[in-house]
Number of protein chains: 2
Amino acid sequence: MKEPAYRRSEPDARRRSLIEACMRVLGSEGAAGASVRAIAREAGVSPGLVNHYFDGVDALIAETYGEVDRTVRAHLAAAVEGAGSDPRARLEAFVTGSFTAPIADPRLLATWIAFWSLVAARPEIARQHDQHYAGFRQTLEALLADCGVAPAALRRTAIGVTALVDGLWLELCLSPDCFSAEEADGIARRFLDALISTGR
Amino acid sequence: MKEPAYRRSEPDARRRSLIEACMRVLGSEGAAGASVRAIAREAGVSPGLVNHYFDGVDALIAETYGEVDRTVRAHLAAAVEGAGSDPRARLEAFVTGSFTAPIADPRLLATWIAFWSLVAARPEIARQHDQHYAGFRQTLEALLADCGVAPAALRRTAIGVTALVDGLWLELCLSPDCFSAEEADGIARRFLDALISTGR
DNA sequence: GGATTTGTTATACGGTTGTTCAACAAGTCT
DNA sequence: AGACTTGTTGAACAACCGTATAACAAATCC
């Protein structure tokens, strides 16, 4: 429908384009609409090709999870680096980085929801989720430690801040008109103030 | 208007059993597996009956949303009432009430995820979500006000605490082995301590 | 009793799903 | 040039989807 037929392309590029098409479909149609045919149509490719590059549609969705995870981590890492060397500024950059594009994006939420909906039924997706969560919390623990949070309080503080960020991000994506990204920033900063002044 | 007594089974009971079957299917099979046939099989009735009692499968899912919402509200209200008259105890009961059964339950999360996945595509579900969120936050604002949180800080504090509760509840359901309900209780209480001591 | 109302089933229909596979186009090798 | 490899297609398949509807079962009314 778009590209001329029978044109060769790099296999990795094809894989990437299919993953991107999968993300677009998840974003626009939701988890229910992410069928092989819809993804193939979005990528401008025949349905059979999806099963040629991926071991079934579940594998494609799992790989899309990995790609989204990588994007989120890279974006937050860049935000932290861009914040300079002040520990508190780095922590705030990490926390508020989730409230702006491309992370605070209904499309990305739709992708995430699709994964959550698979956690209960598919153990390998559950494992992938646990890994993502563990990595997020670990990064956060390091940033909190640099801000002077006591080692004994590190775990529970990181769990709490992660929950706060997830909750704000979730609602920000689900109903963007409820509160703004700037409000989320302020709320998160205020929470960090309260925690770090009393939590060491 | 006299109630006809010749019905073989109470229609409301049928409706409720179908809603409960819908929740069970959502819990075990995930959002993708919540088909008319699967729900009917779970309820032990024929597929046609679902469309007889509900205006299509989307309506059944929306009604299940309403039922789950009602259950959650009732449970939290009971927890608050059971906590006595101390404002802080009532607030804590409301917050930590989300971390125990029947609210902290993978099945309930699965139901919630199914709704979230419909928010982007269906305005009716989005409206239902906004109402639930607004109600939750409003209740929380009242409890926070009783604890002495200043009116100017009420809105942002309620948004933050709601996010914290949602995030903890979400992770508690998604991977129950990551941290315990008791830990979630402690984390939430610690956050409330930090907020209320500094946030007025 | 028979007529009637109502709950329920079974089936049929058109459409979509994931997956497989023979065929084919385009580049590479000899 | 011909043979071979690789990327891609599009049709086929069985299974499932949501919905509509005619037929059946049971309870009530007259």
Side-chain angles (χ1 to χ4, degrees), chain A residues 1-22 25-26 28-65 114-115 117-118 121-122 124-125, chain B residues 1-22 25-26 28-65 114-115 117-118 121-122 124-125:
Chain A
M1 194 155 250
K2 40 195 294 191
E3 283 295 312
Y6 305 125
R7 208 177 76 93
R8 292 201 153 203
S9 64
E10 285 298 315
D12 284 353
R14 266 288 187 238
R15 288 178 62 91
R16 230 177 308 129
S17 86
L18 282 171
I19 287 175
E20 284 166 14
C22 181
V25 170
L26 282 171
S28 60
E29 311 287 335
S35 67
V36 170
R37 283 170 173 80
I39 295 167
R41 194 182 327 120
E42 176 68 30
V45 129
S46 80
L49 206 61
V50 172
N51 274 302
H52 181 255
Y53 278 106
F54 298 92
D55 214 31
V57 68
D58 289 3
L60 168 56
I61 292 183
E63 293 229 25
T64 306
Y65 189 114
F115 299 134
S117 72
L118 297 177
R122 283 172 239 264
E124 80 273 7
I125 298 277
Chain B
M1 208 67 72
K2 203 182 304 180
E3 193 66 25
Y6 44 75
R7 296 191 177 151
R8 276 189 299 170
S9 68
E10 283 299 317
D12 286 353
R14 266 286 187 238
R15 288 176 62 90
R16 231 177 307 126
S17 86
L18 281 170
I19 286 175
E20 284 166 14
C22 181
V25 170
L26 282 171
S28 60
E29 312 286 337
S35 67
V36 170
R37 285 171 170 80
I39 295 167
R41 195 183 325 123
E42 176 67 31
V45 298
S46 76
L49 206 61
V50 173
N51 274 304
H52 181 256
Y53 277 106
F54 298 93
D55 213 31
V57 68
D58 289 3
L60 169 55
I61 292 183
E63 292 231 24
T64 306
Y65 189 114
F115 300 135
S117 72
L118 297 177
R122 284 173 236 269
E124 167 65 23
I125 299 279

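Predicted model only: the values in this text are computed from it and were never measured. All chains are named by letter (A, B, ...) in the order of the sequence lines, taking the proteins before the strands, and each is independently numbered beginning at 1.
- In this structure, the CG atom of B:L18 is 13 Å from the P atom of C:dG7, given to the nearest Å.
- At whole-Å resolution of the value, CZ in B:R41 and C1' in D:dG18 are 14 Å apart.
- Here CD of B:E124 is found 11.0 Å from OH of B:Y65. Values are rounded to the nearest 0.5 Å.
- C:dT19 atom P lies 10 Å from atom CD1 of A:I61, rounded to whole Å.
- The CZ atom of B:R14 sits 11.5 Å away from atom NE2 of B:H52, with the distance rounded to the nearest 0.5 Å.
- Base contact: A:V36 has a heavy atom under 4.0 Å from a base atom.
- Under the side chain to side chain contact (heavy atoms under 4.5 Å, CB included) rule, A:F54 has a single partner from A:I39, A:T64, A:I61, A:I19, which is A:I19.
- Atom CZ in A:F54 sits roughly 15 Å away from atom C1' in D:dT8 (whole-Å rounding).
- When the side-chain nitrogen and oxygen atoms of B:S35 are compared with OP1 and OP2 of D:dC17, one or more of them lie within a distance under 4.0 Å.
- Atom P of nucleotide C:dT6 and atom CG of B:D12 are separated by 16 Å, given to the nearest angstrom.
- Atom C1' of nucleotide D:dA20 and atom CG of B:D55 are separated by 13 Å, given to the nearest angstrom.
- Across all strands, B:V45 comes closer than 4.0 Å only to sugar-phosphate atoms, never to a base (heavy-atom distances).
- Once rounded to the nearest 0.5 Å, the distance linking CZ of A:R16 with SG of A:C22 reads 15.5 Å.
- The interatomic distance linking A:R37 (CZ) with C:dG18 (P) rounds to 7 Å, in whole Å.
- Taking 4.0 angstrom as the limit, B:Y53 places none of its side-chain polar atoms (N or O) nearer than this to OP1 or OP2 of C:dG7.
- Distance CG (B:N51) to P (D:dC17): 13 Å, rounded to an integer number of Å.
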